[in-house]
Amino acid sequence: MAEEELDDSKDMSFWDHLEALRQGLFRVVSALVVAFIVLFFFKDFLFDKLILAPTRNDFFFYRWFGMKTSLQLVNIELSTQFMVHMRVTMMCALIVCCPYILFEIWRFIAPALYQKEKRATRRAFIFASFLFFLGIAVGYCIILPLMINFFDGYKVSEAVTNTISLNSYISTVNSTVLLFGIVFEIPTLLAGLSQIGLITRQTLIGGWK
């Protein structure tokens with residue numbers, strides 16, 4: 001029965017939970033700010049080596065599969081390049097801090113869990129970090145270059161020339177990479193809910209469609 005007891009020696013009041021949440025949010029925001037500041041000064045690496053790499057024919061995916069891209073980016077607004085720098089840096093800071101954010105979420109909910117549930121959720125959060133980065137890698141290394149190659153070469157008429165703006169490209173990168181990172185989290189979410197008994201094997205089988 002000891003395994004079914006909560007770890008906390010005393011019950012936490014509503015204000016205790018609120019204070020724990022406030023402290024957790026403060027730590028997460030602080031980590032994001034620090035990561036943002038550090039990454040902001042690595043602009044050349046972020047853009048030349050990572051973000052804009054899929055626009056060049058020397059990107060490894062194109063070389064491996066014998067593909068080529070003719071994508072040329074343009075900027076038509078005065079402040080776009082600075083704002084894009086900010087957006088990309090924030091996205092990268094979020095990706096880098098993802099394991100820590102998941103840790104803070106687990107630390108907040110852990111006092112309300114039984115020992116069996118704690119072990120299950122701890123494994124789930126660790127696995128979630130791995131799957132998130134795997135999803136990011138799949139989205140960036142495979143899906144993004146395929147999308148670029150397809151959409152850049154697609155035309156409704158030869159009379160229409162594609163002129164892709166920097167803002168449009170960055171929006172595609174952000175949405176694609178983050179979407180796959182989030183999608184890859186679904187197995188962990190289902191496994192965690194199953195471990196703590198909120199969903200069952202029968203529920204998953206019955207609702208797989």
Side-chain angles (χ1 to χ4, degrees), residues 6-47 49-51 79 81-141 143-144 167 170-199:
L6 293 171
D7 270 1
D8 284 351
S9 58
K10 62 178 181 178
D11 293 332
M12 294 177 65
S13 68
F14 170 79
W15 297 109
D16 292 331
H17 285 292
L18 195 61
E19 176 62 17
L21 178 61
R22 187 191 67 81
Q23 293 179 0
L25 289 174
F26 177 79
R27 289 191 294 268
V28 167
V29 171
S30 298
L32 287 172
V33 169
V34 171
F36 179 89
I37 293 173
V38 172
L39 292 172
F40 187 83
F41 294 99
F42 286 85
K43 175 171 66 71
D44 292 341
F45 174 78
L46 287 180
F47 283 89
K49 301 298 184 182
L50 291 177
I51 302 301
S79 62
Q81 295 207 45
F82 175 76
M83 297 307 298
V84 162
H85 184 194
M86 299 286 285
R87 286 166 54 194
V88 168
T89 305
M90 190 66 244
M91 181 193 72
C92 293
L94 181 63
I95 292 173
V96 169
C97 291
C98 178
Y100 181 71
I101 294 173
L102 291 175
F103 168 74
E104 284 293 345
I105 294 174
W106 179 83
R107 184 157 71 170
F108 177 72
I109 67 175
L113 300 176
Y114 294 106
Q115 283 298 317
K116 180 180 179 181
E117 295 171 340
K118 277 190 176 182
R119 287 194 294 269
T121 53
R122 184 186 299 115
R123 291 193 296 267
F125 277 112
I126 293 173
F127 193 50
S129 297
F130 168 75
L131 286 182
F132 179 76
F133 285 112
L134 179 61
I136 292 291
V138 170
Y140 173 79
C141 296
I143 306 302
L144 182 61
N167 205 35
I170 295 300
S171 295
T172 300
V173 172
N174 287 350
S175 59
T176 301
V177 171
L178 290 179
L179 175 63
F180 272 83
I182 294 171
V183 167
F184 271 59
E185 294 291 279
I186 294 177
T188 304
L189 176 62
L190 295 178
L193 294 176
S194 176
Q195 286 290 330
I196 63 178
L198 292 181
I199 60 175

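Since this is a predicted model, take the numbers as computed values, not measurements.
- Scanning all heavy atoms of the two residues, the minimum distance from Ala35 to Ala93 falls at CB-CB, 3.9 Å.
- Although no hydrogens or angles enter the test, the distance criterion places no donor-acceptor pair under 3.5 Å between the side chain of Thr176 and the main chain of Val173.
- For Gln23, the CD atom is densely surrounded, since the number of other residues' heavy atoms within 6.0 Å is greater than 12.
- In this structure, Tyr140 and Leu144 approach most closely via the heavy-atom pair O-CB, 3.7 Å.
- Pairs passing the salt bridge (Lys or Arg N to Asp or Glu O under 4.0 Å) check and including a residue from residues 127-140, sequence neighbours excluded, do not occur.
- Residue pairs that meet the salt bridge (Lys or Arg N to Asp or Glu O under 4.0 Å) test with at least one member in residues 82-92, sequence neighbours left out, do not exist here.
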Checklist line | Worked verdict on Val88 versus Lys43 for side-chain contact (heavy atoms from CB on, under 4.5 Å) | finding: CA-CA 9 Å; Val88 168; Lys43 175 171 66 71; over 6 Å; no
Next item on the list: Start with the C-alpha gap between Leu94 and Ile101, add the side-chain angles, then the distance that decides, and say whether side-chain contact (heavy atoms from CB on, under 4.5 Å) holds.
Entry: CA-CA 9 Å; Leu94 181 63; Ile101 294 173; 3.9 Å; yes
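- Nearest heavy atom pair, residue Phe47 against residue Val84, reads CE2-CG1, 3.7 Å.
- In this structure, CZ in Arg27 is found 8.0 Å from CZ in Phe103, a value given to the nearest 0.5 Å.
- Listed here is the closest heavy atom pair of Leu46 and Leu39: CD1-O, 3.5 Å.
- In this structure, CG on Leu178 lies 5.5 Å from CD1 on Ile95, to the nearest 0.5 angstrom.
- Two residues are said to be in side-chain contact when any heavy atoms from C-beta on lie closer than 4.5 Å; Glu104 and Leu25 fail this criterion.
- Distance check: Leu102 CG to Tyr100 OH gives 12.0 Å after rounding to the nearest 0.5 Å.
- Taking CG of Leu179 as the start and CZ of Phe184 as the end, the distance is 10.5 Å to the nearest 0.5 Å.
- Rounding to the nearest 0.5 angstrom, the gap separating the CD1 atom in Ile136 from the CD1 atom in Ile182 is 8.0 Å.
- Between the CD1 atom of Ile37 and the OG1 atom of Thr89 there is a distance of 11.5 Å, given to the nearest 0.5 Å.
- The aromatic rings of Phe127 and Phe130 sit parallel to each other, their planes meeting at less than 30°, with 60° as the upper class boundary.
- Across all their heavy atoms, Phe132 and Cys98 have their closest contact at CD2-SG, 3.4 Å.
- Using cut-offs of 30° and 60° on the angle between ring planes, the pair His85 and Phe40 is parallel.
- Residues Phe133 and Pro99 meet the side-chain proximity criterion, which asks for heavy atoms closer than 4.5 Å.
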